[in-house]
2 protein chains.
Amino acid sequence: MLDEKSQAIPRDCGDCPIRHRAVCARCEADELESLDQIKYYRSFEAGQTVIWAGDKMEFVGSVVTGIATLTQTMEDGRTQMVGLLLPSDFVGRPGRDEAAYDVVATSDVVMCCFRKKPFEDLMGRTPHIAQRLLEMTLDELDAAREWMLVLGRKTAREKIASLLSIIARRDASLKLTKPAGPMVFDLPLTREAMADYLGLTLETVSRQISALKKDGVIQLEGKRHITVPDFDRLLDEAGDDSDGGMLA
Amino acid sequence: MLDEKSQAIPRDCGDCPIRHRAVCARCEADELESLDQIKYYRSFEAGQTVIWAGDKMEFVGSVVTGIATLTQTMEDGRTQMVGLLLPSDFVGRPGRDEAAYDVVATSDVVMCCFRKKPFEDLMGRTPHIAQRLLEMTLDELDAAREWMLVLGRKTAREKIASLLSIIARRDASLKLTKPAGPMVFDLPLTREAMADYLGLTLETVSRQISALKKDGVIQLEGKRHITVPDFDRLLDEAGDDSDGGMLA
DNA sequence: CGGCCTCCTTGATGCAGATCAAAATAACAG
DNA sequence: CTGTTATTTTGATCTGCATCAAGGAGGCCG
């Protein structure tokens, strides 16, 4: 698994798959140049921990490819996932030294990193970066608050449906699928990771997925490959307002 | 209750109780002057809704005095509080037209408001405002994520203890209490509001408060006045790491 | 092929917290 | 002082999900 390190690492920012979504999205050519000079890439294998909570953080950065998770753990081992990091998502917090959460690569991950200090300095001089980071942070705050409703008030079945609809929606926006027809995607998470996200046990996750399958809300091939024949039906099961805020 | 509208509204920003904590905290005299020119105050009575989710937001602003809540409601009436707004907290999101959550005044509230458009323009020209807003948003994101752990993984008793310790800590930081000795404060929330925050029913909230009282973790006079004889004990009940991240 | 992982499913049972119900307390108007 | 309403407490019962316990199913390596 180690020989073929063929994760396509972009040579320069112009080719970067997250050029227009990441923290650099608003940058002009000269600003991009400044960022380019302090950036470096790092790869992580599936399962590897990127940062441990409490560790000193010497870099911040963006997920370029792959999926990582943000989790919090109590002393007795109870675990709650507090964020799912997808390509273009930002890791780290300017102005803080220690990581607040564990960051774990769920799949193989490539990150575009900046040493923290130079990045902070550059951010001070480059409003386009700070503006974009504010915008991204506000989006994350909204996502976190939406998740609070899921965790606090939804049933197990609704929680699963909510998670599936979020993954399905994101996947569609990435692949620019035609809005009609069934949605097909692969679960990027194990049952255990889903449980940690949803505040459930993995057994309950498994049971509810089986139930949604039995009821025809989803179909699955193998353990991970999912087909959603009717997305509105899924949203309904999630207890969401049926319009379901379409983001650009 | 209406005759005596004696909520101390500051005449100018220099006297403002939240001058050094709110979105204007970093502003220089000239920047403050610009803000001053577009600001206006609004008062809300306890129980009044400041903004309805989905409404067009024509202003943003800061809570000056009083307490408000941010809540989300499902069609069937299930409610989740997603934020507690204290003096200096910011309401509204630059770059968005519609409110995402209901904002309700829990006590009488005074807000320092800015019409959205002029504020956005000013923010574009004033990095100190944008920087401060980013900082505050990152803090809120951390708080939201901490709350996800509470909602997803803590028991009812731990949830109550977590809420009490947050309120106690905030209250202490406001009153600059000596760190030693018992902490005394008033609950700013009804049992129902606490339940909405914690993802519980009000009956469970009541029972757990009674249990914490019986076990000597807290004392209460009347329904709202609370004494915490041993704060570490309370933190322990909350399941938090005993150090409990002291913020400046 | 067979042993041994990891990941997932399914079943049986128990319990924390929800739900249903009623009564105690407090604030307030008349 | 008395009825009224909002808030809280407490009790009885129910239930959704956790917990405990066994197997499957697939991938990998010898």
Side-chain angles (χ1 to χ4, degrees), chain A residues 1-3 45-47 74 76-80 104 106-107 150-164 186-214 218-226 237 239, chain B residues 1-2 45-47 74 76-80 104 106-107 150-164 186-215 218-226 237 239:
Chain A
M1 192 206 263
L2 263 168
D3 359 326
E45 288 171 56
M74 295 171 67
D76 63 5
R78 279 176 284 176
T79 287
Q80 176 66 51
V104 179
T106 284
S107 64
V150 172
L151 290 173
R153 293 301 188 191
K154 291 194 178 179
T155 65
R157 170 183 265 242
E158 288 169 334
K159 285 178 173 181
I160 298 288
S162 297
L163 179 57
L164 293 179
D186 283 299
L187 276 179
L189 300 173
T190 65
R191 299 289 186 264
E192 188 180 20
M194 293 174 69
D196 284 344
Y197 205 178
L198 296 167
L200 298 171
T201 59
L202 69 89
E203 293 96 327
T204 298
V205 170
S206 182
R207 272 185 250 273
Q208 295 298 335
I209 289 182
S210 298
L212 288 174
K213 177 183 167 191
K214 185 164 69 64
I218 59 171
Q219 293 147 22
L220 70 162
E221 284 168 79
K223 278 94 170 53
R224 298 292 194 90
H225 192 76
I226 295 209
E237 292 285 354
Chain B
M1 190 205 263
L2 263 167
E45 288 170 56
M74 295 171 67
D76 62 6
R78 279 177 284 175
T79 288
Q80 177 66 51
V104 179
T106 283
S107 64
V150 172
L151 290 173
R153 293 302 188 191
K154 290 195 177 179
T155 65
R157 171 183 264 242
E158 288 170 333
K159 286 178 174 182
I160 299 288
S162 298
L163 179 58
L164 292 179
D186 283 298
L187 277 178
L189 301 173
T190 65
R191 300 287 185 266
E192 188 179 20
M194 295 175 68
D196 284 343
Y197 206 177
L198 296 166
L200 296 172
T201 60
L202 68 89
E203 293 96 327
T204 298
V205 169
S206 181
R207 272 185 250 274
Q208 295 298 335
I209 288 182
S210 298
L212 288 174
K213 177 184 170 190
K214 185 164 69 64
D215 297 345
I218 60 171
Q219 292 146 22
L220 68 163
E221 285 168 79
K223 277 96 171 50
R224 298 292 194 89
H225 193 74
I226 294 208
E237 292 285 356

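Fair warning: this is a prediction, and the values are worked out from it, not measured in the lab. Chain naming here is simple, since letters A, B, ... match the order of the sequence lines and numbering starts at 1 in each.
Among dT8(D), dC17(D), dG17(C), the nucleotide with an atom closest to any side-chain atom of A156(B) is dG17(C). Distance from the side chain of L202(B) is smallest to dT9(D) among dA18(D), dT9(D), dA18(C).
Between the P atom of dG26(D) and the CD atom of E221(A) lies a distance of 13 Å, rounded to the nearest Å. For the pair H225(A) NE2 and dC8(C) P, the computed distance is 16 Å after rounding to whole Å. We find that CZ of R191(A) is positioned 18 Å from P of dT6(C), with the value rounded to whole Å. Remark: C1' of dG16(D) and CD of Q208(A) are 9 Å apart, rounded to the nearest angstrom. The CD-C1' distance, from E158(B) to dA16(C), rounds to 12 Å in whole Å. A straight line from NZ of K214(A) to P of dT9(C) spans 15 Å, rounded to a whole angstrom.
For S210(B), no side-chain nitrogen or oxygen approaches OP1 or OP2 of dT9(D) to under 4.0 Å. Taking only side-chain nitrogens and oxygens, T204(B) never comes nearer than 4.0 Å to OP1 or OP2 of dG17(C).
Separation of atoms CD1 (I160(B)) and OG1 (T204(B)) is listed at 8.5 Å; rounding is to 0.5 Å.
As judged by a 4.0 angstrom heavy-atom cut-off over every strand, I209(A) is placed among residues making no nucleic acid contact. Across all strands, S206(A) comes closer than 4.0 Å to base atoms (heavy-atom distances). As judged by a 4.0 angstrom heavy-atom cut-off over every strand, G199(B) is placed among residues touching the sugar-phosphate backbone only. Among the protein residues, R224(A) comes within range of the sugar-phosphate backbone only, with heavy atoms under 4.0 Å from sugar or phosphate atoms but none that close to a base.
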Using a cutoff of under 3.5 Å, can you pull out all pairs of nitrogen or oxygen atoms linking the protein to nucleotides 20-27 of chain C, with atom names and distances?
| from | atom 1 | to | atom 2 | distance (Å) |
| --- | --- | --- | --- | --- |
| dC20(C) | N4 | E203(B) | OE2 | 3.1 |

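A donor-acceptor contact shorter than 3.5 Å links the side chain of R153(B) to the backbone of L200(A). Within the 3.5 Å criterion, the main-chain N or O of K213(A) finds no donor-acceptor partner in the side chain of Q219(A). Not a single donor-acceptor pair under 3.5 Å links the side chain of S206(B) to the backbone N or O of L202(B).
Nearer the 5' end of DNA chain C, as judged by each residue's closest nucleotide, is the contact made by E192(A), out of R153(A) and E192(A).
By the 4.5 Å heavy-atom criterion applied to side chains, L164(A) and L187(A) are counted as neighbours. In this structure the side chain of M194(A) never reaches within 4.5 angstrom of the side chain of Q208(A), judged on heavy atoms.
Within a 6.0 Å radius of CD in E203(A), other residues, nucleotides and ligands contribute more than 12 heavy atoms.
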